[in-house]
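Below: one structure, written as structure tokens.
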Amino acid sequence: MEKITAIRGFKDILPDDAFRFQEVETIARFVFNSFGFREIRIPIMEKTELFKRSIGETTDIVEKEMYTFRDRDDELLTLRPEATASVIRAYIEHNMFANEQVTKLFTIGPMFRRERPQKGRFRQFNQIDVELFGDDKPQSDAEIIFMLIRFLQSTGLKDLQLEINSLGCKACRPTFSKAIIEFLKGRENELCPDCQRRINTNPLRVFDCKVETCGTIIANAPRILDFLCSDCEGHFKQVQSLLNDLKISFDINVRMVRGLDYYTKTAFEVKSGALGAQNAVAGGGRYDGLVKFLGGPEVAGIGFAVGFERLVACLPEEGKNVFQTDLFIAALGDRAQKLGFKLTNELRRAGIAAEMDYADKSLKSQMKRADKLNSSFTLILGDKEIDEKQAQLRNMKTKDQQALSLDNLQKTIITFIRER
RNA sequence: GUGGGUGUAGCUCAGUUGGUUAGAGUGCCGGGUUGUGGCCCCGGAGGCCGAGGGUUCAAAUCCCUUCACUCACCCCA
């Protein structure tokens with residue numbers, strides 16, 4: 001039989017890694033809660049239209065990376081490529097804006113993009129997504145960036161670099177775009193094919209190009225920060241000053257452009273080494289106007305997403321995979337097997353991590369398994385012991401071994417393990 | 001979507017100018033201790049050499065095709 005493998009770009013998260021995912025999730029919930037964010041759980045599929053409208057018709061994500069299919073009733077559905085659109089949809093659908101001035105939400109789960117897989121990039125990947133609605137003040141920007149950094153530091157992530165930029169708003173960005181196009185016109189021939197295409201699709205992206213000639217050309221190009229309207233400029237200055245107050249160090253990267261259409265004003269990204277080419281662990285920004293654009297009220301918004309797999313990949317290796325068993329029961333003989341089975345499961349009912357071998361193998365092999373399972377204690381229970389109404393409890397670390405009476409055995413074991 | 005690299009045991013990898021029964025380490029199972037783990041010693045199981053086709057007396061090895069994985073571009077978390 002030909003074996004069936006997982007879909008390309010879809011990964012199994014094996015127990016060792018799943019353990020680390022759990023730890024990171026726990027930290028995320030703790031940190032976010034302390035900043036007043038509450039969890040929301042949303043579907044992994046939405047009507048295709050939602051993503052087209054929010055992310056932008058001409059973005060790569062919408063043009064060629066979405067898993068879209070036609071449902072039986074002919075409706076077009078899409079596996080979500082990001083979470084912001086869905087969170088906003090839910091925010092509007094449940095009139096959450098009517099309940100409170102500011103709404104702070106986070107969600108954790110899988111996203112889907114049909115890209116070519118590489119290091120740090122998968123077709124199904126998990127994101128931690130945070131959104132803050134109802135506040136357009138720079139304090140929100142600073143707060144959310146501060147929280148992101150706090151969270152990343154709490155997970156043990158070292159050498160992280162925060163980069164920020166302002167992308168302007170619908171008042172000032174178009175002027176800048178025009179200026180860039182103006183600047184690039186006449187030099188198209190000197191640009192790489194990709195950048196020639198970008199002039200029409202997303203001129204700001206030329207700033208990002210890694211081709212050397214494009215880099216030297218764009219170095220003299222107009223800068224977004226010189227084009228910001230007074231509102232955007234003031235906002236950006238304040239964000240910087242607030243971050244300084246919070247002792248968060250950052251670099252301004254005027255070349256940073258975000259790939260999604262909806263971003264305005266502040267954009268930010270956190271990079272870390274050891275990730276290969278896909279070195280962005282988290283990214284986000286402000287998206288004032290998007291909520292209204294998706295049919296809600298005029299409400300400001302800002303958020304970010306953390307690449308779960310990328311974050312875990314950056315974390316130090318140590319401290320993983322310590323699976324512990326409290327007690328292994330080595331049963332020898334039929335009567336012992338029967339008693340052991342009962343005892344094992346009774347102990348589990350009491351919350352003790354108990355294991356035993358049902359195959360009635362040699363004591364040696366059972367001891368080996370106890371060792372492998374990282375068991376603190378092993379209870380040696382043979383038919384011989386049963387005749388003598390006792391069992392041997394061995395401390396695997398100290399090798400101390402003592403006889404316990406079969407009467408009240410379960411209770412004695414529990415006290416032993418709890419007092420360890 | 002485009003380009004490079006790699007496919008041999010559960011895992012990490014050797015395998016010479018094509019040549020007999022394809023190896024090591026690790027892991028797994030068993031034994032050395034007829035009832036006591038880790039260290040050590042001994043033994044065993046485990047391979048359509050990614051798949052298909054071709055060249056040859058003979059292919060893991062050479063050629064073609066294909067698939068998968070991987071890294072990079074593009075783009076993004």
Side-chain angles (χ1 to χ4, degrees), chain A residues 1-9 11 14 55 59-65 81-84 108-130 148 152 192-195 197-198 201-202 205 208-211 256-260 263 268-272 275-285 303-314 325 328 330-333 336 359-385 391-401:
Chain A
M1 279 291 261
E2 200 177 324
K3 66 178 167 189
I4 299 173
T5 58
I7 305 168
R8 152 170 270 196
K11 299 289 171 204
L14 270 18
I55 299 170
T59 56
D60 278 22
I61 292 180
V62 170
E63 273 183 347
K64 50 199 183 197
E65 295 176 1
E82 57 111 40
T84 302
I108 301 176
M111 309 296 155
F112 305 84
R113 290 183 203 170
R114 221 202 112 89
E115 302 176 86
R116 190 87 171 252
Q118 73 184 72
K119 192 178 180 71
R121 197 175 69 184
F122 316 100
R123 289 182 172 183
Q124 177 181 333
F125 58 100
N126 291 279
Q127 283 190 344
I128 304 174
D129 189 83
V130 173
L148 171 60
L152 293 174
C192 72
D194 278 328
C195 284
R197 178 177 52 79
R198 284 173 178 130
T201 55
N202 192 346
R205 277 243 156 259
D208 249 1
C209 188
K210 283 158 192 153
V211 176
M256 179 173 61
V257 185
R258 314 250 67 236
L260 287 61
Y263 285 112
F268 53 95
E269 208 167 281
V270 177
K271 293 178 179 172
S272 185
L275 266 182
Q278 311 298 323
N279 62 353
V281 178
F304 66 77
V306 180
F308 215 126
E309 284 82 357
R310 289 186 187 178
L311 172 58
V312 169
C314 286
T325 304
F328 185 88
L332 303 154
D360 196 27
K361 292 202 252 190
S362 72
L363 180 59
K364 175 175 179 167
S365 119
Q366 296 201 51
M367 291 297 292
K368 276 190 176 173
R369 177 137 175 233
D371 193 50
K372 175 119 188 154
L373 291 172
N374 216 346
S375 187
S376 306
F377 293 92
T378 298
L379 186 77
I380 299 164
L381 181 65
D383 284 354
K384 190 176 91 188
E385 278 79 5
Q392 297 287 329
L393 185 69
R394 181 180 176 86
N395 181 320
M396 295 299 276
K397 202 171 268 167
T398 64
K399 294 181 168 188
D400 289 337
Q401 196 164 309

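This is a predicted model, so every value here is computed, not measured. Below, read A as the first sequence line, B as the second, and so on, with proteins coming before strands; counting in each chain starts at 1. Both backbone and side-chain heavy atoms feed into the values below; hydrogens, waters and symmetry mates do not.
- Residues satisfying the side-chain contact (heavy atoms from CB on, under 4.5 Å) test with A:Thr398, not counting sequence neighbours, are A:Asn395, A:Asp400.
- Centre separation under 5.5 Å together with a plane angle under 30° does not hold for the ring of A:Phe308 and the six-membered base ring of B:A77, so they are not marked as stacked.
- Between the side chain of A:Arg310 and the backbone N or O of A:Ala280 there is at least one donor-acceptor pair closer than 3.5 Å.
- Listed by chain and residue number, nothing satisfies the side chain to side chain donor-acceptor pair (under 3.5 Å) test with A:Gln124 (two or more places apart in sequence, or in another chain).
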Set out, line by line, the N/O atom pairs under 3.5 Å between protein and nucleotides 8-10 of chain B.
none

* Footprint string (nucleotides 29-35 of chain B, 5' to 3'): B base within contact, S backbone only, - free, heavy atoms under 4.0 Å -> -SSB--B
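- Electrostatic pairing of A:Glu115 and A:Arg123 does not count as a salt bridge here, judged by no charged N lying under 4.0 Å from a carboxylate O.
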Output a table of nitrogen or oxygen pairs between the protein and nucleotides 43-47 of chain B separated by less than 3.5 Å.
none

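- If you take atom P in B:C62 and the same atom in B:C69, they sit 24 Å apart, rounded to whole Å.
- Checking the phosphate oxygens (OP1, OP2) of B:C73, a side-chain nitrogen or oxygen of A:Gln118 falls inside 4.0 Å.
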* Asked: If pairs are Watson-Crick or G-U with both distances under 3.5 Å, what is the dot-bracket string of RNA chain B, marking crossing pairs with [ ] and pairs to another strand with |?
  -> (((((((..((((.....[...)))).(((((.......))))).....(((((..]....))))))))))))....
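- OP1 and OP2 of B:C73 both lie 4.0 Å or more from every side-chain N or O belonging to A:Lys119.
- Partners of A:Ala359 according to the side-chain contact (heavy atoms from CB on, under 4.5 Å) rule, which considers only residues two or more places apart in sequence or in another chain, are A:Asp357, A:Lys361.
- Within 4.0 Å (heavy atoms only), A:Glu82 reaches no atom of the nucleic acid at all.
- Taking 4.5 Å as the limit, every side-chain heavy atom of A:Gln118 sits out of range of all side-chain heavy atoms of A:Arg116.
- Residues satisfying the side chain to side chain donor-acceptor pair (under 3.5 Å) test with A:Glu269, not counting sequence neighbours, are A:Arg258.
- Qualifying side chain to side chain donor-acceptor pair (under 3.5 Å) partners for A:Asp129, counting only residues two or more places apart in sequence or in other chains: none.
- In this structure A:Thr325 satisfies the side chain to side chain donor-acceptor pair (under 3.5 Å) test with no other residue, sequence neighbours excluded.
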* **Annotated protein contacts, base or backbone, on nucleotides 1-7 of chain B with a non-hydrogen cut-off under 4.0 Å, one of B, S, - each** => BBB----
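- Under the ring-ring contact (aromatic ring centres under 6.0 Å, His included) criterion, A:Phe308 pairs with A:Phe21, not counting sequence neighbours.
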